[in-house]
Amino acid sequence: MRQRGPRDGSSVQGDEQAQAAGLVRLGAAELGASPGRRASLVQFSSAFCQPCRATRRILADVASLVEGVEHIEIDAEARLELVRALGIEKTPTVLVLDAGGRIVRRAVGMPRKADVIAALGAAI
């Protein structure tokens with residue numbers, strides 16, 4: 001996913017925050033679901049977040065197009081400990097994980113489909 005400016009409110013980072021928090025890899029125990037064989041698109045959402053709904057559709061669509069990729073949605077309010085450990089401050093936040101559960105991309109705000117597909121290239 002590309003770096004976006006302040007006009008659309010979204011941004012992309014590497015896994016520096018996760019490393020600083022000591023969570024370099026995320027597995028089924030942390031995610032609450034089985035990660036993808038090749039990569040995972042992890043979305044942190046909240047109940048009243050309108051962009052989260054559109055993000056859900058985009059990520060589910062991309063996951064259905066790419067074999068071995070799973071879309072995992074996490075309720076940020078229900079998983080506050082994980083949210084804090086990863087430094088997630090806004091929803092939607094999307095983490096792209098490689099097959100080993102390492103965070104290779106991070107986006108805040110609703111991503112474009114093309115950006116999600118491009119980010120998967122760093123994970124696969």
Side-chain angles (χ1 to χ4, degrees):
M1 292 177 260
R2 67 183 174 85
Q3 182 79 22
R4 293 188 188 184
R7 282 175 55 194
D8 63 10
S10 64
S11 63
V12 176
Q13 304 169 352
D15 63 346
E16 294 84 13
Q17 281 185 309
Q19 287 177 347
L23 291 175
V24 177
R25 294 175 191 248
L26 298 174
E30 294 82 16
L31 298 172
S34 296
R37 183 175 44 80
R38 296 176 66 198
S40 300
L41 300 170
V42 180
Q43 174 185 347
F44 287 85
S45 299
S46 55
F48 298 104
C49 167
Q50 187 64 34
C52 294
R53 294 179 189 136
T55 299
R56 179 184 309 120
R57 287 189 296 273
I58 292 166
L59 298 181
D61 187 33
V62 171
S64 72
L65 294 173
V66 184
E67 185 179 340
V69 174
E70 292 293 330
H71 170 228
I72 300 168
E73 187 170 3
I74 296 174
D75 179 351
E77 295 173 44
R79 303 289 306 279
L80 285 176
E81 186 174 318
L82 181 60
V83 165
R84 289 179 181 132
L86 293 171
I88 293 170
E89 298 175 356
K90 297 179 182 179
T91 59
T93 292
V94 177
L95 305 178
V96 179
L97 309 181
D98 65 10
R102 289 179 297 271
I103 301 168
V104 296
R105 292 286 186 272
R106 173 190 205 95
V108 177
M110 189 180 76
R112 294 180 326 151
K113 185 175 177 178
D115 294 335
V116 175
I117 293 169
L120 278 175
I124 296 178

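Interatomic distance, Q50 CD to T91 OG1, rounded to the nearest 0.5 Å: 11.5 Å. To the nearest 0.5 Å, the span separating CZ on R56 from CG on D61 amounts to 14.0 Å. Here the CZ-OG distance, from R53 to S45, works out to 10.0 Å after rounding to the nearest 0.5 Å. Rounding to the nearest 0.5 angstrom, the gap separating the CG atom in D115 from the CZ atom in R105 is 11.0 Å. Interatomic distance, D98 CG to R25 CZ, rounded to the nearest 0.5 Å: 7.5 Å. The distance from atom CD1 of I58 to atom NE2 of H71, rounded to the nearest 0.5 Å, is 10.0 Å.
Contact between A39 and I124 at its shortest, heavy atoms only, is CB-CG1, 4.2 Å. Closest approach of A28 and S34 over heavy atoms only: CB-CA, 4.3 Å. A pairwise comparison of heavy atoms in P35 and I72 identifies CA-CD1, 4.0 Å as the closest pair. Taking both residues in full, the closest heavy atoms of F44 and L95 are given as CE1-CD1, 3.7 Å, listed atom of the first, atom of the second, then distance. The minimum heavy-atom distance between R79 and G32, with the atom names listed, is NH1-N, 4.2 Å. M110 and A54 get closest at one heavy-atom pair: SD-CB, 3.2 Å.
Hydrophobic clustering, with ILVMFWY side chains joined whenever heavy atoms are under 4.5 angstrom apart, keeps L80 apart from L82.
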side-chain contact (heavy atoms from CB on, under 4.5 Å) between L26 and L86: does it pass, once the steps are laid out? CA-CA 10 Å; L26 298 174; L86 293 171; 4.2 Å; yes
Could you please spell out the steps behind the side-chain contact (heavy atoms from CB on, under 4.5 Å) verdict for V62 and V69? CA-CA 8 Å; V62 171; V69 174; 5.6 Å; no
side-chain contact (heavy atoms from CB on, under 4.5 Å) for I88 and R106? Distances and angles first, verdict last. CA-CA 10 Å; I88 293 170; R106 173 190 205 95; 3.5 Å; yes
Starting from the C-alpha separation in whole Å, work towards a yes-or-no answer on side-chain contact (heavy atoms from CB on, under 4.5 Å) for L65 and K113. CA-CA 11 Å; L65 294 173; K113 185 175 177 178; 3.8 Å; yes
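Checked against V96 for a side-chain contact (heavy atoms from CB on, under 4.5 Å), the options L59, L120, V116 give a single hit: L120.
The salt bridge (charged side-chain N to carboxylate O under 4.0 Å, His left out) test applied to E70 returns no partner, not counting sequence neighbours.
Applying the salt bridge (Lys or Arg N to Asp or Glu O under 4.0 Å) test to every pair with at least one member in residues 33-45, sequence neighbours left out, gives these pairs: R37-E67.
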